[in-house]
Amino acid sequence: MDIAARVMSVVSRTSTSEPTTSNTLNSQKIGKVMDVSDGAFIGGFIPSLIEKQRYPYSRPEFLYFSEEEIILSSDHSIRPVLCPRLPHRMPLYAGYAEVINAGKTIQNEDQSSAKMLVLSQHQGTEMNGLSDEKKVESRNGSEIDDEQMLTPGGDESEKSSLFAPRADAALFSLFDGHAGSAVAVVASKCLHEHVKSRLCEVLDTLLHMDRYENLNFGKRRSESSYSMSKMNEEDECQIHSEHLVKGALETAFLDMDEQISQDKQVWRLPGGCAVISVLVFLGKLYVANAGDCRAILVTSDGTKALSRDLTPASERKRLQELAYRNPELIGNSFSRLEYSKKLTRSDLKSRVLYRDWFMDGWAVKTVKEFDLRPPLISESSRKKRLLNTIGVSRGFGDHHLLTVDERLNIKPFLSAVPEITVTNLRDMNTLTDKDVVIVASDGLWDVLSNEDAGLIVRSTLGSTDSADSSRYTQAAQDLVAAARGQQASGNLKRWIMNSGGHASYDDITVFVIPLKYCAAPPTNFEEEEDDEMLSLE
């Protein structure tokens with residue numbers, strides 16, 4: 001099939017224009033960074049052993065694109081909106097669409113994955129029983145067969161696996177790369193395996209907890225249970241099933257970052273990526289976010305954010321506290337304080353508003369010599385940056401990344417630990433076919449608000465046949481096209497929205513996940529009769 005046949009250029013709601021040039025008098029020059037593991041740097045401290053990447057550049061496997069189609073999809077002048085060739089084969093009939101940037105980078109640095117996970121306690125135990133030596137060996141290129149990993153024993157292990165606890169889950173992940181796509185590609189190939197492994201470790205206990213919680217939901221409450229005087233230590237530290245799932249996601253993210261660190265010693269993996277994952281498991285949605293991608297819930301009641309953009313601006317207190325407790329991280333090159341204005345030598349001995357790591361408000365201090373150092377978090381080109389260089393504060397990769405001028409290590413500030421929110425689908429009385437979760441990279445959210453995205457999706461779903469399995473992909477396409485905009489007449493490098501505002505010049509990637517099928521995954525879409533509403537009561 002010609003790629004043009006499945007490239008949807010829905011521009012009726014588009015939104016693009018070239019970025020406004022910052023006033024050079026007010027903007028601060030962005031500092032440079034270097035990856036000291038990159039042999040391309042003269043005098044690099046860690047020479048690159050192999051110039052090859054473990055996983056070559058590609059687009060998500062569920063698109064089923066050929067190499068020729070991947071090349072065609074990278075046309076910066078056309079920016080085609082791409083979607084899966086077989087939308088009905090997407091997990092939970094989730095919609096997906098993507099578009100490349102307007103020339104910012106040669107490749108699309110966004111990556112994504114959508115996986116159905118079959119979980120087994122036996123599987124997890126054996127997988128995590130591998131020795132560290134074997135794990136490193138597999139990361140360095142020698143493939144370990146899945147079946148050998150999961151059933152390495154003889155007849156007894158095979159028999160036990162038949163009776164081991166099992167469960168199904170769906171995992172949707174989006175990776176927004178920077179300084180190259182290599183780390184995002186590796187994460188898209190491997191993160192789901194780490195999540196699967198960690199969930200399998202606790203699966204038996206988790207399933208028992210979940211059954212107990214469902215059987216006793218609403219039955220254990222009494223008037224006395226709300227009294228503080230009745231609480232004891234056991235109640236205060238009670239562990240629920242969702243705590244085990246959150247712990248599995250948190251450790252899986254750290255496992256993935258550690259794998260990238262190990263792989264980086266052998267393979268060329270410059271840069272890093274922000275990441276957001278949505279796990280659908282046991283009637284709940286777990287959104288794990290480490291970066292500035294975003295997930296929102298869209299229902300008839302409106303839109304609700306399921307994640308928080310994690311940037312140097314939103315994580316000011318965490319970053320400042322790191323600098324406070326580890327002053328060697330910034331040395332004498334930066335001040336950890338945030339000031340109400342950019343300070344110059346003429347401000348010495350005057351009074352200025354500031355705030356530190358423990359402060360939500362502002363206080364006053366007299367400007368001293370050390371206050372003239374660049375702040376830990378500065379603003380450049382309308383974006384907050386860490387150490388005057390990088391605009392992210394969480395994600396994978398960026399190991400061995402230093403500031404060029406000060407030789408300061410940036411990685412200690414960049415956490416791979418995700419923030420996790422939990423949405424219990426059982427708490428929703430009804431779910432219609434228009435109730436969805438939208439997950440997208442910052443290329444979408446730079447130009448569309450949560451409310452605008454929700455309106456576009458519900459408008460598309462309201463005008464499509466409820467029996468059409470591709471309707472959620474259509475909604476994702478409409479979202480991407482709206483953020484991409486259309487080319488301005490007379491200037492092919494300029495992209496604008498219908499409203500005339502600036503459109504997104506960044507890579508844009510979107511999942512639209514229907515909640516109805518999260519609550520009750522379908523076995524055969526054609527046999528579904530209740531396409532309008534699913535009762536959860």
Side-chain angles (χ1 to χ4, degrees), residues 112-113 115 117 119 121 123-125 127-128 130 132 135 139 167 169-176 183-184 186-207 209-210 213 237-263 272-295 305-311 314-315 317-319 321-322 392-399 411-424 437 439:
S112 54
S113 68
K115 299 284 185 179
L117 307 180
L119 309 175
Q121 181 74 45
Q123 187 181 91
T125 302
M127 182 179 296
N128 288 285
L130 290 173
D132 289 339
K135 287 183 180 180
R139 290 171 181 172
L171 182 69
F172 302 90
S173 298
L174 199 158
F175 310 89
D176 185 354
V183 169
V186 171
S188 70
K189 303 291 186 183
C190 301
L191 177 62
H192 67 279
E193 291 293 349
H194 290 291
V195 172
K196 182 178 178 180
S197 174
R198 289 295 184 173
L199 285 173
C200 288
E201 285 183 330
V202 294
L203 186 61
D204 191 13
T205 304
L206 200 159
L207 292 177
M209 284 184 169
D210 181 69
E213 289 161 8
C237 63
Q238 191 171 17
I239 299 174
H240 298 283
S241 59
E242 68 181 45
H243 299 147
L244 295 184
V245 178
K246 291 172 74 173
L249 287 169
E250 289 162 341
T251 49
F253 271 52
L254 290 178
D255 291 342
M256 185 70 251
D257 195 50
E258 176 59 23
Q259 178 191 328
I260 292 168
S261 177
Q262 296 292 329
D263 285 353
C273 70
V275 55
I276 189 168
S277 293
V278 176
L279 176 69
V280 183
F281 187 43
L282 298 178
K284 295 179 181 178
L285 292 176
Y286 297 84
V287 176
N289 180 43
D292 55 0
C293 300
R294 190 184 307 168
L306 298 181
S307 66
R308 177 174 72 103
D309 296 354
L310 299 172
T311 64
S314 65
E315 293 215 274
K317 293 173 73 173
R318 180 182 72 83
L319 299 172
E321 184 175 5
L322 273 173
V392 299
S393 58
R394 296 204 195 195
F396 298 148
D398 293 312
H399 302 88
K411 181 61 177 179
F413 291 101
L414 307 179
S415 173
V417 178
E419 278 192 356
I420 301 176
T421 62
V422 184
T423 302
N424 192 340
V437 170
V439 189

Hey, does [Y] have a side-chain heavy atom less than 4.5 Å from the side chain of [X]?
X      : Y      : value
Asp257 : Lys411 : yes
Phe175 : Ser113 : yes
Met256 : Val186 : yes
Leu249 : Arg198 : no

So how far is it from [X] [atom1] to [Y] [atom2], rounded to the nearest 0.5 Å?
X      : Y      : atom1 : atom2 : answer
Cys293 : Asp176 : SG    : CG    : 5.0 Å
Arg394 : Leu310 : CZ    : CG    : 5.0 Å
Leu117 : Glu193 : CG    : CD    : 8.0 Å
Leu319 : Leu414 : CG    : CG    : 8.5 Å

- Query: Among all residues two or more places apart in sequence or in another chain, which pass the side chain to side chain donor-acceptor pair (under 3.5 Å) test with Lys246?
  - Reply: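 In terms of side chain to side chain donor-acceptor pair (under 3.5 Å), with neighbours along the sequence ignored, Lys246 is linked to no residue.
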
What are the two closest non-hydrogen atoms of [X] and [Y], and how far apart are they?
X      : Y      : answer
Leu203 : Gln121 : N-OE1, 3.1 Å
Glu258 : Gln262 : OE2-NE2, 2.7 Å
Cys273 : Ala187 : SG-CB, 4.5 Å
Ala248 : Leu199 : CB-CD2, 3.7 Å
Leu191 : Ala252 : CD1-O, 4.1 Å
Ala169 : Leu119 : CB-CD1, 4.4 Å

Show which side-chain atoms of residues 275-289 pair as donor or acceptor with protein atoms under 3.5 Å away, not counting sequence neighbours.
unit_1, atom_1, unit_2, atom_2, d
Ser277, OG, Ser173, OG, 2.7
Lys284, NZ, Glu242, OE1, 3.2
Asn289, ND2, Gly291, O, 3.2
Asn289, ND2, Arg308, O, 2.8

Counting only N and O atoms by type, is there a donor-acceptor contact under 3.5 Å from the side chain of [X] to the main-chain atoms of [Y]?
X      : Y      : value
Arg294 : Ala305 : no
Arg318 : Ser393 : yes
Ser241 : Met209 : no
His243 : His240 : yes

- Query: What pairs with Glu250 under salt bridge (charged side-chain N to carboxylate O under 4.0 Å, His left out), at least two apart in sequence or on another chain?
  - Reply: none

